[in-house]
Amino acid sequence: MVDKTLKISKIKDGTVIDHIPAGKALKVLNILNISEDVSSSVSIGIHVPSGKFGYKDVIKIENRFLEKIELDMISLIAPEASISIVTDYSIKEKFNVELPQTLLGLINCANQNCITNGNEPVKSEFETISRNPISVRCRYCEREMNYKEIQASM
Amino acid sequence: MLKNKSVVSIDDVSDEDILEVFKVSDQMSKLISEGKKSEILSSRIMATFFYEPSTRTRLSFESAMHRLGGSVISVSEASSSSVAKGETLADTIRMADAYSDVIVIRHPLEGSARLASKFSSKPVVNAGDGAGQHPTQTLLDLYTIKKEFGKLDGLKISMVGDLKYGRTVHSLIRALSRFDVEINLISPSILRIPQHVMSRLPARTKITISDNIEEDIENSDVFYVTRIQKERFTDQNEYRSVIGSYSIDGGLAGKMKKNAILMHPLPRIDEIAPEVDYMPQARYFKEAANGIPVRMALLSMILGGE
């Protein structure tokens, strides 16, 4: 019988990001600025069997609770990710990330000829036009970006 | 209502506004043909910023403002403005906001007019933003068609040429999709209409993609030809592969229906042969002339008469 047990230890306090599409965990770490100088323990499960997705990635971060902007960024990479807030080994709160209606300064427009890619004093601004599949539209040049283009711009 | 509103996209102009533009344009046409001048904008100043070459759009905006009694201040090229010193468009617009009552802008980057409208308390009119939109050209195109046929509904309108980068086409398709028209698109395969334009059309839009120019020219009411724009290509080999890929000569134009019209936002290079200029279907110079009453209508509706 195949052992399907998740081989990542529990955390005492912190955040669990589950249901990340397989292979996207490193991208999420990048968003959260987690690199070699990280101060807390981070456990990463890559290509973990999942009943819902086939395979998924999981990240557990000790002593870190995420900001709204970080959750919004994660929703662009892992639209179905679930977030668990852990306190003293038990889950105090669990919710799914949600792609916001307006994305302000989160990603760059894929249209290189868009005015927001120049030196103007504005943040990029996108409107969500579809959540499944993900599609957003630049409020300046009106170009749409799909999931693949969003990944490339982050 | 358009009063004090920016017109960046054709979506900023409601169906009612379009009908009002038609009505006021008729009044302005009458004024022009009678050789009269209005003074309704006598205390108003229009600032124009043309960071890309323009003949018709700039002159017709300026002529329209003068014919309404208003004044014009202008920057005709980026090299003669603070942009050459590295100033942002945002700062330029903040300055223009204090100097004028309405700002007209043409800029090579998409989204520039929208950005300008965010930094201006005065209305901004988009006179072309890169490969984005050109809503006032659309209004004069619609007005030309309406004037010729007395209606828009029921017409078959073919658009030919650079549908990928052609901002006049992008705006016009969006506007036509509000009417009960049949839209037919003809272009080299690498210059097909972009998905970001198609995806914004309502599902009911009757649209076909074709490559049979001879057949399409015979059964269209409006044949709208565009220039393949060398300046939009980053790959000049790509440009060379499509230049001259279609040309309307006397023989082809002769196949058009008797009451059909041939339009072009101009300038043309070799898409329409000079011999066609004298054929009854040629309407592109009339179309360009309609830019004056239509822009007079728009400016008067935005700035009001007081």
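Chain identifiers are assigned alphabetically (A, B, ...) following the order of the sequence lines, protein sequences preceding nucleic acid strands; residue numbering begins at 1 within each chain.
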- Quick one: what part of P194(B) sits under 4.5 Å from any heavy atom of chain A, side chain, backbone, both or neither? neither
- Task: State which residue, out of R200(B), M159(B), M198(B), fulfils the side chain to side chain contact (heavy atoms under 4.5 Å, CB included) condition with I173(B).
- Result: M159(B)
- Query: Could you walk me through whether F53(A) and H19(A) pass the ring-ring contact (aromatic ring centres under 6.0 Å, His included) check?
  - Reply: CA-CA 8 Å; F53(A) 297 101; H19(A) 301 115; 5.5 Å; yes
- Query: What part of A131(B) lies closer than 4.5 angstrom to a heavy atom of chain A: side chain, backbone, both or neither?
  - Reply: both
- Between N111(A), V122(A), N113(A), which residue shows the highest count of heavy-atom pairs closer than 4.5 Å to chain B? N113(A)
- Task: Please work out whether the ring planes of H170(B) and H196(B) are parallel, tilted or perpendicular, with thresholds of 30° and 60°.
- Result: perpendicular
- Pick from R139(A), E144(A), E120(A), E142(A): which one has the most heavy-atom pairs with chain B under 4.5 Å? E120(A)
- Item | Test: K118(B) cationic atom under 6.0 Å from Y140(A) six-membered ring centre, within 45° of axis | yes
- In terms of heavy-atom proximity below 4.5 Å to chain A, should Q195(B) be classed as side chain, backbone, both, or neither? neither
- Turns out that what part of E125(A) lies under 4.5 Å from chain B's heavy atoms comes down to side chain
- Which region of S117(B), side chain (C-beta onward) or backbone (N, CA, C, O), has a non-hydrogen atom less than 4.5 Å from a non-hydrogen atom of chain A, or is it both or neither? neither
- Would D12(B) and K5(B) pass as an ion pair if we require N to O under 4.0 Å? no
- Side chain, backbone, both or neither: which part of R137(A) has a heavy atom under 4.5 Å from chain B? side chain
- Message: Using a 6.0 Å distance limit plus a 45 degree cone around the ring axis, check whether R295(B) lies over the aromatic ring of F61(B).
- Response: yes
